[in-house]
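These notes are about the structure you will find just below.
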Amino acid sequence: MSRELAKTYDPKGIEDRLYEKWLEKKYFHAEVDHSRTPFTIVIPPPNITGQLHMGHAMDNTMQDILIRFKRMQGYNVLWQPGTDHASIATEVKITEKLKEEGIDKHELGREKFLERAWAWKKEYGGRIISQLKKMGSSCDWDRERFTMDEGCNRAVTDAFVKMHEKGYIYKGARIINWCPVCNTSISDAEVIYEEQAGHLWHIKYPVIGEDGKPSETEFLTFATTRPETMLGDTAVAIHPEDERYAHLIGKSVLLPIVNRVIPVVTDTYVDREFGTGVVKITPAHDPNDFEVGKRHDLPIVNIMNDNATINAGGGRFEGMDRYEARKAIVDELAKQGLLVKIEDYSHNVGTHDRCKTTVEPLVKEQWFVKMDELIQPAVEAVKKGEIKLIPQRMEKTYFNWTDNIRDWCISRQLWWGHRIPAYYCDKCGEVTVAGEMPEKCPKCGHEHLTQDPDTLDTWFSSALWPFETLGWPEQTEDLKYFYPTDVLVTGYDIVFFWVIRMIFSGYEHMGEKPFKTVLFHGLVRDGQGRKMSKSLGNGIDPLEVIDQYGADALRLTMITGNAPGNDMRFYYERVENSRNFANKVWNASRFIMMNMEGKEVTEPGAARLQPADKWILSRLNTLIREVTDNMESFELGIAVQKVYDFIWDEFCDWYIEMVKPRLYDSDDTVSQNAALWTLKTVLIDALKLLHPYMPFITEEIYCTLRDMEGASGESTLAGEESIMISAWPKYREDRAFGKEEKDIEIIKEAVRGIRNIRNEMNVAPSRKAAVYVVSGDDGILSAFTEGKLFFASLAYASDVMMQKDKAGIAQDAVSVVIPGATLYIPFAELVDIAQEVERLKKEKKRLEGELARVNGMLSNERFLSKAPESKIAEEKEKLTKYTRMMEQVETRLEQLK
RNA sequence: GGAAGCAUAGCUCAGCUGGGAUGAGCGCUCGCCUGACUAGCGGGAGGCCAAGGGUUCGAGCCCCUUUGCUUCCACCA
């Protein structure tokens with residue numbers, strides 16, 4: 001039975017129905033099968049706070065294309081899905097929501113808060129998954145994971161304990177980035193620097209004289225952007241070779257307000273050129289100062305509370321907010337005559353990527369991962385090509401980070417996340433790191449221990465994602481079979497957060513890379529090239545696009561016209577174009593099926609195929625090879641562009657048009673069968689090539705075609721359940737028809753030439769005219785003879801005559817010169833000879849240009865001696881071609897004189 | 001301060017290992033309801049491939065310099 005196809009493609013209804021079918025049939029599901037080669041991708045787990053955005057749309061389209069391509073190639077594919085608990089992002093959202101309800105997080109308490117968090121997870125965690133399904137993503141949903149599910153929790157604890165045992169994880173007081181609003185430490189990667197307008201305060205401290213008293217005349221002047229931190233100053237630094245201050249080496253200055261005597265130290269960190277060449281040193285509140293402090297054994301004076309107010313060490317400034325204190329302290333210094341001047345100054349300020357709060361560097365006890373050794377295998381892997389980064393330039397970015405890596409602060413003062421498996425003895429304070437809370441303290445035997453209240457950086461669990469989702473730390477069959485995974489697809493913006501950390505974690509815990517290739521894509525921007533953001537309100541919801549244009553159109557848009565790793569601009573004209581293409585495919589299929597209706601279509605054998613059939617089959621054959629190659633090397637955009645061009649230009653605009661007269665006006669059933677068979681065969685393979693990109697429409701057509709085939713004639717699709725599990729087309733030697741390709745190209749050129757002239761001369765399409773093909777070449781004449789039928793319909797010919805010379809052709813006929821032949825069209829009364837001569841002269845000029853170029857090359861001895869033979873042969877062929885055409889044009893000009 | 005990317009048709013971008021830019025979409029323009037498709041068909045205009053130098057038989061593509069834009073990293077107080 002055949003289903004009636006609508007005149008325009010309407011994705012609504014079709015997409016959901018097909019996705020249901022795929023799920024029901026379990027096509028996405030993968031099991032270990034040693035008879036087949038696995039192909040694995042783990043999804044970058046979207047946050048449970050998230051909504052599907054354009055970045056996801058691009059990311060997941062790319063993954064699904066690779067997955068569907070490999071599945072059709074016969075690999076046992078697994079696309080491992082899941083979501084991320086997104087520790088801080090989620091906690092911030094829940095805290096905000098609580099605040100709206102008038103509830104304070106701390107009053108609610110940890111346990112109740114976590115209940116709320118799990119409720120949140122339940123409510124929103126599924127949302128993004130259903131959105132991914134709308135995109136057509138063929139993930140194995142039976143294996144869906146969550147970074148805080150039981151298995152992942154075990155993996156995280158296990159990894160932590162093992163790394164601690166090996167000394168890779170340690171606890172220490174170090175300077176970290178503190179977010180006073182979120183009340184937690186954050187890693188370096190979470191700090192973004194923003195240029196802000198601020199001030200540079202020039203301040204002076206009195207030098208302590210020989211008598212031990214502060215001098216009234218000698219001062220040391222310096223500049224600072226954060227004057228309030230002076231409360232924590234424990235030194236003033238100068239460059240050791242700075243002669244201006246050489247006499248102060250070994251001396252001290254008086255820290256005003258606090259009235260503390262602090263030393264003048266020398267350190268090469270000081271830039272003599274900047275300001276006065278003097279720096280105040282606040283080890284507790286500046287990373288550089290912290291390092292200087294370590295080198296000079298300076299005390300660390302913390303002056304700030306967690307909420308960025310001044311602490312008890314601040315004397316009468318205690319309790320003031322940092323900015324309030326800044327003002328008060330500057331006022332005080334001015335009062336004491338120690339403020340030299342205030343300058344406007346624009347500088348970079350570190351802010352928290354989640355809440356945009358200015359980050360405060362603080363010294364705190366935190367857990368760290370020691371990076372120097374761990375990172376080594378990750379560096380080697382990329383250097384040696386064990387792991388390939390695409391595009392390759394990403395390696396620069398990668399090494400830039402690995403070369404300057406600092407220890408990773410992994411503890412967070414948050415509740416939503418994996419709690420650190422460290423336990424403190426309530427009596428002696430001994431720390432035990434273990435998978436479970438010990439019964440008693442291993443040191444003093446005390447039975448009461450308390451778990452570390454902190455949780456882990458969300459990326460700590462994400463770093464284990466490629467193997468924890470396959471069962472690690474158990475050595476499961478899944479893990480042995482599917483790991484290492486094949487490709488990681490992700491945006492370049494999380495290379496530091498995630499990609500690098502997965503790589504070193506993979507080597508550390510699995511002893512092997514987590515993936516073979518990393519395929520990076522760029523950002524999706526708006527039509528003007530701006531980042532899509534909430535504050536700008538320029539975001540486009542992929543679901544709306546799907547609703548309006550269909551998932552296939554959106555998917556195609558995400559892939560075409562964009563080089564790998566480059567950012568993409570999104571605008572609706574592009575989606576419209578994709579939608580139009582879907583419609584084109586739809587209608588071409590409709591055309592083919594309408595013509596197949598009620599006919600028995602059988603495979604004709606090469607001898608019964610006409611040149612046009614062979615041409616399109618041969619073109620398809622080449623396309624299959626190229627597209628497969630491109631996709632194997634992850635050139636997804638190039639591949640689909642070729643399929644697009646083939647379908648629209650070659651198949652629809654040429655082949656289908658060539659075949660119409662055979663189907664409509666001829667009684668030759670053999671020829672008709674050959675045409676129908678070719679149409680069907682090319683359509684099926686083209687649909688297959690397109691399927692990874694546009695899964696829904698290709699499936700819909702494929703199944704409709706199968707159903708109608710089942711009703712009549714010989715079926716090639718009988719038993720085929722779905723295009724998505726059908727075999728990927730292969731290049732076939734017996735489908736390469738070089739001669740027919742050339743012949744049809746000549747005819748196409750002739751058709752184009754005639755159309756061009758007719759348009760230029762304003763000949764109405766309804767007005768047909770005879771066409772004489774004159775050629776001394778029997779091959780060309782026979783090619784035209786074979787294509788006579790469609791040539792007539794494509795070139796508005798009332799009749800087509802083949803002859804060896806121009807006997808009997810009107811003298812004033814218009815002529816078209818193509819390689820190897822001249823075509824004449826007698827238009828009788830309306831030809832303007834002068835105009836015709838002009839046109840021929842133009843053509844002559846063009847040919848002269850071509851000939852000059854070819855001759856230039858071929859008369860260059862160095863070209864002849866150095867260029868590859870194939871290139872020389874190619875140019876020689878062109879020379880012959882253009883020479884012949886030139887002769888024809890000249891002859892014609894001669895005749896018109 | 002360090003690094004990377006981009007600069008090709010009016011606009012947005014392709015151009016895969018160096019071999020006439022018959023580049024794509026949109027826009028523009030002229031003509032078509034040609035029995036799949038007006039979400040369409042046919043024709044056309046429009047590009048010294050940012051500038052300058054080099055390598056090469058040959059450069060949009062490789063190297064160097066310059067200019068403009070974007071981004072990442074560092075964070076000099």
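Convention: sequence-line order gives letters A, B, ...; per-chain numbering from 1. Below, all heavy atoms of this structure are taken into account, side chains as well, without hydrogens, waters or symmetry copies.
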Item to check | Selected nucleotide, minimal atom distance to Ala867(A) side chain, candidates A77(B), C57(B), A39(B) | outcome: C57(B)
Next on the checklist: Using the C1' atom as the point on both nucleotides, what is the distance between A9(B) and C63(B), in whole Å?
Outcome noted: 29 Å
Next on the checklist: Whether Lys12(A) and Asp10(A) form a salt bridge (side-chain N of Lys/Arg under 4.0 Å from carboxylate O of Asp/Glu) is what I want to check.
Outcome noted: no
Item to check | Rounded distance (Å) that lies between atom P of C75(B) and atom CZ of Arg226(A) | outcome: 13 Å
Checklist outcome for this item: Here the distance between atom P of A77(B) and atom CG of Asp289(A), to the nearest Å, is 11 Å
Checklist outcome for this item: Regarding the side chain of Ala563(A), the nearest nucleotide among A39(B), C57(B), G15(B) is G15(B)
Checklist entry - Gln196(A) CD to C75(B) C1': how many Å, rounded? => result 13 Å
Checklist outcome for this item: Syn within 90° of 0, anti beyond: G20(B) is syn
Checklist entry - Rounded to the nearest 0.5 Å, what separation is found between the CG atom of Asp407(A) and the OG atom of Ser187(A)? => result 12.5 Å
Item to check | Exercise: identify the closest heavy-atom pair between Met694(A) and Ser578(A) | outcome: CE-O, 4.2 Å
Checklist entry - Contact class for Asn566(A) (heavy atom, under 4.0 Å): base, sugar-phosphate, or nothing? => result sugar-phosphate
Checklist entry - Does a donor on one side chain and an acceptor on the other come within less than 3.5 Å for Asp267(A) and His239(A)? => result no
Checklist entry - Which value, in whole Å, describes the distance between the P atoms of nucleotides A24(B) and C41(B)? => result 14 Å
Checklist outcome for this item: Which of C37(B), G44(B), C16(B) is nearest the side chain of Ile638(A)? It is C16(B)
Checklist entry - Want to settle it: does Pro868(A) or Glu194(A) sit nearer the 5' end of RNA chain B, counting the closest nucleotide to each? => result Pro868(A)
Item to check | Plane angle bin for Phe496(A) and Trp401(A) - parallel if under 30°, tilted between 30 and 60°, otherwise perpendicular | outcome: parallel
Checklist entry - Of all the choices, A14(B), A39(B), C57(B), which nucleotide is nearest to the side chain of Asn583(A) once you look at every atom? => result A39(B)
Next on the checklist: At 4.0 Å (heavy atoms only), tell me whether Glu850(A) reaches a base, stays on the sugar-phosphate, or touches nothing.
Outcome noted: base
Checklist entry - At under 4.0 Å between heavy atoms, what does Arg406(A) touch on the DNA or RNA strands: base, sugar-phosphate, or nothing? => result sugar-phosphate
Checklist entry - If you take atom types as modelled and just measure distance, does the side chain of Asn400(A) reach the base of C73(B) with a donor-acceptor pair under 3.5 Å? => result no
Checklist entry - Rounded to the nearest Å, what distance is computed from the NZ atom of residue Lys842(A) to the P atom of nucleotide G44(B)? => result 10 Å
Next on the checklist: Classify Tyr269(A) by what it touches in the nucleic acid, base, sugar-phosphate, or nothing, heavy-atom distance under 4.0 Å.
Outcome noted: base
Checklist outcome for this item: Sorted by position of nearest nucleotide on RNA chain B, 5' first, the leading residue of Arg853(A) and Phe496(A) is Arg853(A)
Item to check | Modelled atom types, side-chain donor and acceptor of Ser666(A) and Gln672(A), under 3.5 Å | outcome: no
Checklist entry - Closest to the Lys396(A) side chain: A3(B), A77(B), G31(B)? => result A3(B)
Checklist entry - Phosphate oxygens OP1/OP2 of C41(B): is one of them under 4.0 Å from a side-chain N or O of Lys584(A)? => result yes
Next on the checklist: Take N1-N3 plus N6-O4 or O6-N4 for Watson-Crick, N1-O2 plus O6-N3 for G-U, both under 3.5 Å. Which runs of 3 or more such pairs involve RNA chain B?
Outcome noted: B:1-7 with B:67-73, B:10-13 with B:23-26, B:28-32 with B:40-44, B:50-54 with B:62-66
Checklist entry - Is the side chain of Glu875(A) donor-acceptor paired with the backbone N or O of Leu858(A) at a distance under 3.5 Å, no angle test? => result no
Checklist entry - If the C1' atom of A74(B) is compared with that of G2(B), how far apart are they to the nearest Å? => result 7 Å
Checklist entry - So what does Lys7(A) hit on the nucleic acid, given a heavy-atom distance under 4.0 Å: a base, only sugar-phosphate, or nothing? => result sugar-phosphate
Item to check | Under 3.5 Å side-chain donor-acceptor pair for Arg590(A) and Asn587(A) | outcome: yes
Checklist outcome for this item: Going 5' to 3' through nucleotides 23-28 of chain B and flagging B where a protein heavy-atom sits under 4.0 Å of the base, S where only the sugar-phosphate is that close, and - otherwise, we get -SSS--
Next on the checklist: Any base atoms under 4.0 Å from Tyr398(A), or only sugar-phosphate, or nothing? Heavy atoms, all strands.
Outcome noted: nothing
Next on the checklist: Heavy atoms from C-beta onward define the side chain here; which of A39(B), C57(B), C16(B) lies closest to that of Glu635(A)?
Outcome noted: C16(B)
Next on the checklist: Mind checking if Tyr193(A) touches a base, just sugar-phosphate, or nothing, with heavy atoms under 4.0 Å?
Outcome noted: base
Checklist entry - How would you label the contact of Gly275(A) with the nucleic acid (heavy atoms, under 4.0 Å): base, sugar-phosphate, or nothing? => result nothing
Next on the checklist: At less than 3.5 Å, do the side-chain atoms of Asn759(A) and the base atoms of G42(B) form a donor-acceptor pair?
Outcome noted: yes
Item to check | Separation of C57(B) P from Glu869(A) CD (nearest whole Å) | outcome: 18 Å
Next on the checklist: With rounding to the closest Å, how many angstrom separate the C1' atoms on G54(B) and A14(B)?
Outcome noted: 28 Å
Checklist entry - Contact class for Glu749(A) vs. all strands (heavy atom < 4.0 Å): base, sugar-phosphate, or nothing? => result nothing
Checklist entry - Between A74(B) and Asn404(A), is there an OP1 or OP2 to side-chain N/O distance shorter than 4.0 Å? => result no
Item to check | Donor/acceptor link under 3.5 angstrom from Asn562(A) side chain onto base of C13(B) | outcome: no
Item to check | Shortest side-chain distance from Pro765(A), nucleotide among C32(B), C41(B), C37(B) | outcome: C32(B)
Checklist entry - Mind checking the P distance from G52(B) to A59(B)? Whole angstroms is fine. => result 15 Å
Checklist entry - Roughly, in whole Å, what's the span from OH in Tyr572(A) to C1' in A39(B)? => result 17 Å
Checklist entry - For Trp648(A), which contact category applies under a 4.0 Å heavy-atom criterion: base, sugar-phosphate, or nothing? => result sugar-phosphate
Next on the checklist: Can you classify the ring geometry of Phe646(A) versus Phe651(A) as parallel (below 30°), tilted (30 to 60°) or perpendicular (above 60°)?
Outcome noted: parallel
Next on the checklist: Taking the cut-offs as 6.0 angstrom to the six-membered ring centre and 45 degrees off its axis, would you call Lys660(A) and Phe591(A) a cation-pi pair?
Outcome noted: yes
Checklist entry - Charged N to carboxylate O under 4.0 angstrom, Lys748(A) versus Glu745(A)? => result yes
Checklist entry - Arg752(A) has an atom CZ; how far is it from atom P of C41(B), in whole Å? => result 15 Å
Next on the checklist: Taking only the P atom of each, what is the distance from G18(B) to C62(B) in whole angstrom?
Outcome noted: 9 Å
Item to check | Salt bridge present between Glu874(A) and Lys878(A) (N-O < 4.0 angstrom) | outcome: yes
Checklist entry - Can you name the one residue among His285(A), His352(A), Arg322(A) that meets side-chain hydrogen bond (donor to acceptor under 3.5 Å, both in side chains) with Glu360(A)? => result Arg322(A)
Checklist entry - Where the side chain of Thr276(A) meets the backbone of Thr221(A), is there a donor-acceptor pair that is under 3.5 Å apart? => result yes
Checklist entry - With a non-hydrogen cut-off below 4.0 angstrom, is Asn630(A) in contact with a base, only sugar-phosphate, or nothing? => result base
Next on the checklist: Once you apply a heavy-atom cut-off of 4.0 Å, does Ile656(A) come out as touching a base, just sugar-phosphate, or nothing?
Outcome noted: base
Checklist entry - Starting at CD of Glu760(A) and ending at C1' of G42(B), how long is that distance when rounded to a whole Å? => result 13 Å
Next on the checklist: So if I take every side-chain heavy atom of Arg569(A) and compare against A77(B), U12(B), G42(B), which nucleotide ends up nearest?
Outcome noted: U12(B)
Checklist entry - Which value, in whole Å, describes the distance between the C1' atoms of nucleotides G31(B) and G5(B)? => result 44 Å
Next on the checklist: Taking any heavy-atom pair under 4.0 Å as a contact, classify Arg393(A): base, sugar-phosphate, or nothing.
Outcome noted: sugar-phosphate
